**Q** 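I have a structure here, written as structure tokens, and I will follow up with some questions on it.
Please read these numbers as outputs of a predicted model, since none were measured by experiment.
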Amino acid sequence: MHRLTVFVRTTDTVGHSPLYVEIVRHARQHGLRGATVLPCVAGFGESRTVRRRRGLGLAQDRPLMLLFVDTADRIALFRMSLREIAPGSLAVLDVVTTA
């Protein structure tokens, strides 16, 4: 099993939809076993601007972490297709072990 972690911001969009929503929809269409979106407390990226959580909503510009777990082949295909809807997003690939 492999885990793909994708980092985006709450303000990133595709058309009129939040990017994280479109990525989760895309994962579902590709038949991945599951997807999880986690709000991050703080973070920074290429811009070096620190974004941190203030309040409870997702309206602010802050980081999100999207997690996907499936077989190596399915994750590889999904990862390649992400380049179309989320070019330039940071993605980290890990091997998952079970207890």
**Q** Please set out all donor-acceptor pairs under 3.5 angstrom arising from side-chain atoms of residues 89-96, sequence neighbours excluded.
**A**
unit_1	atom_1	unit_2	atom_2	d
S89	OG	A86	O	3.3
D94	OD2	R3	NE	3.4
D94	OD2	R3	NH2	2.8

**Q** Rounded to the nearest 0.5 Å, how far does CE of M1 lie from OG1 of T71?
**A** 7.0 Å
**Q** Go through the structure and list residues passing salt bridge (Lys or Arg N to Asp or Glu O under 4.0 Å) with R83, not counting sequence neighbours.
**A** none
**Q** Same cluster or not: are L4 and V24 linked, directly or through other Ile, Leu, Val, Met, Phe, Trp or Tyr residues, by side-chain heavy atoms under 4.5 angstrom apart?
**A** yes
**Q** Between I75 and F68, which heavy-atom pair has the shortest distance, and what is it?
**A** CD1-O, 3.8 Å
**Q** For S81, check side chain to side chain contact (heavy atoms under 4.5 Å, CB included) against everything at least two apart and list the hits.
**A** H26, H30, F78
**Q** Restricting to non-hydrogen atoms, name the atom on V14 and the atom on I85 that form the minimum distance, rounded to 0.1 Å.
**A** CG2-O, 3.7 Å
**Q** Per the salt bridge (Lys or Arg N to Asp or Glu O under 4.0 Å) rule, what does the pair list look like for residues 34-44, sequence neighbours excluded?
**A** none
**Q** Working to the nearest 0.5 angstrom, can you tell me the gap between L19 CG and I23 CD1?
**A** 3.5 Å
**Q** With sequence neighbours left out, write down each residue that passes side chain to side chain contact (heavy atoms under 4.5 Å, CB included) with S17, or none if nothing qualifies.
**A** E22, R25
**Q** Under the criterion side chain to side chain contact (heavy atoms under 4.5 Å, CB included), I'd like the reasoning laid out for L66 against T5: C-alpha separation, chi angles, the key distance, then a yes or no.
**A** CA-CA 6 Å; L66 291 71; T5 305; over 6 Å; no
**Q** Let me check something: any side-chain donor-acceptor pairs from residues 32-42 under 3.5 Å, sequence neighbours excluded? List them with distances.
**A**
none

